[in-house]
2 protein chains.
Amino acid sequence: MRPMSLPVGLPALADSDLVGQIARILMQAIVQGRLPPGSKVVEAGVARELGVSRAPVREAARLLEKQGLLVASPRRGFFVRKLEIRNIDEIYDLRLCIERHASVLAAKRLSSESRDLLRRQIDVLHRTADLDDPARQVEEDYRFHRLIFEIADNRRLLRLFDDLAAELRMVIGLIGRLYDDPHEIARTHEPLLAAIEAGYPERITAHVDYHIGHAWREVGRLVRELSPPLGNPTEPSSILFPTVGVSV
Amino acid sequence: MRPMSLPVGLPALADSDLVGQIARILMQAIVQGRLPPGSKVVEAGVARELGVSRAPVREAARLLEKQGLLVASPRRGFFVRKLEIRNIDEIYDLRLCIERHASVLAAKRLSSESRDLLRRQIDVLHRTADLDDPARQVEEDYRFHRLIFEIADNRRLLRLFDDLAAELRMVIGLIGRLYDDPHEIARTHEPLLAAIEAGYPERITAHVDYHIGHAWREVGRLVRELSPPLGNPTEPSSILFPTVGVSV
DNA sequence: TAATCGTCGATTGTCGACACTTTAATCTTG
DNA sequence: CAAGATTAAAGTGTCGACAATCGACGATTA
């Protein structure tokens, strides 16, 4: 029980923060594809499913709107953002921009502990590759890159990365598996870490460009292929259970 | 009267978007210093002053929280974010990162029209310098940099810049006048534009680093000087009228 | 038959109310 | 008189309700 810091610092994490919880639930539903792009998020429906009133649902939706996962259309409601290719490009463009920066910063602030964390996470990536669990692979990949931002030690930068990552996970989750060879994922991180350890900004940005750029092209290609099916106007559906499947 | 585009695109601007209006009013109150850092934003108070209920006020506050202007403390309310030096550094660090990127992008996408826009905005900066209106000077300065982001043509990047700019304007607004010589502001933009016109990424980033870095150091210095007075816990006050002054 | 208009259900935007928590003001008590 | 306990006031978190609006469907008309 910390002595309750001054009222202003960083968004204090509430133990029973209803709005935050709802926002997380909605986010998960979106990134896991249960609320596909273009689908409508009906306030009353979500509220009923979660057993709460509409007020906190609206606030949560507003947060996700500002984050970019939802789009608000006045008097019509909230919709899951479509995956138009332009959005993908804009997200990856920004991602590339901040990840270059974060990587260079991380190199500056790199300690032996933080270096070990990165190393170990690459090991995890390798081990995960054997599991044949694409979702898990994406998750561990995300963790590695998030580590870089943590080491960079700029909270705002980290928050921004989390926001972008949420949208990218939605994209990747919908695409399914991203790489044919999951070990490829693990391997491609090694030269990046090596560059960060070496500490030359040019080498680092070059490797980030290659690494992220690769994902960008790959995702862009897949989104272009799947373009019609992705982002079609869809029926409202349950956020607690899969739209298609056994349950309900 | 456009044919009402598809439900998902960019946040459609509503003509009577109460939440958006409230968010703007609150933002103005904050950046203009009527709600000083650390002060509490009482929902009922704001609602009463604006003649609305608390619901839209809460939603607006949540948006401003995600944007970084407010900090939510559960069961205690919203507070205007303090200007701790760490926040300043983090904001400027991110600003520098994305402005480098935007400037290089803008150079790539530069047309004769967009170049003229930048040129003309520098002229405006010069003319504004004669007016001895620091707030206006800051505003026109902001417009120039925003132009760069518009030319860069990445909507997400632009939104991010706007968010950061809001906080920076709060800082600068509280400091008062930033430069001793307002013409200095106008002049320092010229080599930046020249670099963008020339189009070499290295030159561009170097000039951005110099330009933004200068502001960063300046603001940092001033914030450090004013550190105790800035961000003190303050009494709640009206958002419609100045806390100190003639009216009320 | 195709297009337009009007009606009706569904959903949003906003409000006032109430319970619970925090903050302050007041009252003890050593 | 100071420090802690007690009480009152203020404020937040959440809810249910109501009017305004939107979209779909069907009736009407050319």
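Below, read A as the first sequence line, B as the second, and so on, with proteins coming before strands; counting in each chain starts at 1. Values below: every heavy atom of this structure, side chains too, minus hydrogens, waters and symmetry copies. Note that this is a predicted model, so its numbers are computed, not measured.
- For B/R62 and B/E65, the salt-bridge test passes: some basic side-chain N is under 4.0 Å from an acidic carboxylate O.
- Listed for the B/N154 side chain is a donor-acceptor partner under 3.5 Å among the backbone atoms of A/E90.
- Annotation: the span from B/R58 atom CZ to B/E43 atom CD amounts to 4.5 Å, rounded to 0.5 Å.
- OP1 or OP2 of C/dT12 sits under 4.0 Å from a side-chain N or O of A/K40.
- In this structure, B/E65 places its CD atom 14 Å from C1' of D/dT12, rounding to the nearest Å.
- Using a cutoff of 4.0 Å between basic side-chain nitrogens and carboxylate oxygens, B/E218 and B/R221 are scored as salt-bridged.
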* Asked: Could you run down nucleotides 13-18 of chain C 5' to 3' and tag each one B, S or - for protein heavy-atom contact under 4.0 Å?
  -> BBB-B-
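- By the 4.5 Å heavy-atom criterion applied to side chains, B/R155 and B/R159 are not counted as neighbours.
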